[in-house]
Amino acid sequence: MLNIDLHCHSHISDGVLPPAGVVARAAANGVDVFALTDHDDVAGLGEAQAAADDAGITFIPGVEISVTWSGQTVHIVGLRIDPLNPLLSAGLGDIRVGRTARAQRMADDLDKAGIAGAFEGARAYAANKQIIGRVTPGNPGYVEHEWTTLVNAVSWIRASGGMAVLAHPGRYAFNARQLHILLDTFRALGGEGIEVVTGSHHPSEYGKFADLARAFGFKASCGADFHAPGEGIDIGRLPALPHYCKPVWLDWPEIEQLQAKN
Ligand code: MN
Ligand code: MN
């Protein structure tokens, strides 16, 4: 049985380890197949690929794209993407520019609230200068932000040869009807999978999302959503997908090769 983990962050976005450090941790944890999926950025994939080659791990180039859908932020994971695809890189570049502009607006707001130097403080703190987190609505520094559209995210991923996967569907504040509309819409746009087993789902939710994947004709993905040692679930430490799921890697040639060897 292969150990497969398809969702993980490095310090290129909001994780703490460098890409090679994340790969080293995956290798130490016995991971066979690993995807790095930093937020809106593919800059870590070259380093991770080289480290994975050295460690003998099968590497899947990935990304996690921020989308605004029905007033909420939704995350779309792209797997087996081509990071050099011009449409994908231009789209991700625009998202990062928007994120930096939002950070400046947040800092201006905090300045007005008497918290000076917030932008420089936030930038100095963030490992990646373009990835800056947010505060909650109603507090000083909260700025509404529109990410890109679901249509864009899915089409960039597909244009680069990748598979679009809805990240952690259990984490959004949608009711059942809204979630079903999201799943239908995502499927119609060419989305192929949803995360079922993820560090962002409670184990009691795995069955529910496995059932939804089956009902809506999606393949199932799994990934720890690892950010930092000691936080949440570690890389490669998730249980297997429920047996009736069709995994996202079903037709991936690199996995077929690996399974033939094992
Ligand atoms: Mn996410
Ligand atoms: Mn994530």
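Atoms considered below: every heavy atom in the structure, side chains included; atoms not considered: hydrogens, waters and symmetry mates. Ligands are counted one by one from 1 in listed order, and the atoms in each one are counted from 1 as well. Since this is a predicted model, take the numbers as computed values, not measurements.
- Centroid-to-centroid, the aromatic rings of His180 and Phe174 stay 6.0 Å apart or farther.
- Within the 4.5 Å cutoff, the side chain of Tyr244 has heavy atoms near those of the Arg214 side chain.
- Remark: Arg187 is positioned above the aromatic ring of Phe218, its terminal NZ or CZ atom under 6.0 angstrom from the ring centre and at most 45 degrees off the axis.
- Excluding waters, the set of protein N/O/S atoms under 2.8 Å from the Mn ion (ligand 1) reads Glu64 OE2, His75 ND1, His168 NE2.
- Under a hydrophobic clustering in which Ile, Leu, Val, Met, Phe, Trp and Tyr are joined whenever their side-chain heavy atoms come within less than 4.5 Å, directly or via other members, Leu183 and Val151 fall into the same cluster.
- Cluster membership for Val23 and Leu2, using ILVMFWY side-chain heavy atoms within less than 4.5 angstrom, is shared.
- Proximity of the aromatic rings of His9 and His7 is defined here by a centroid distance below 6.0 angstrom, and this criterion is met.
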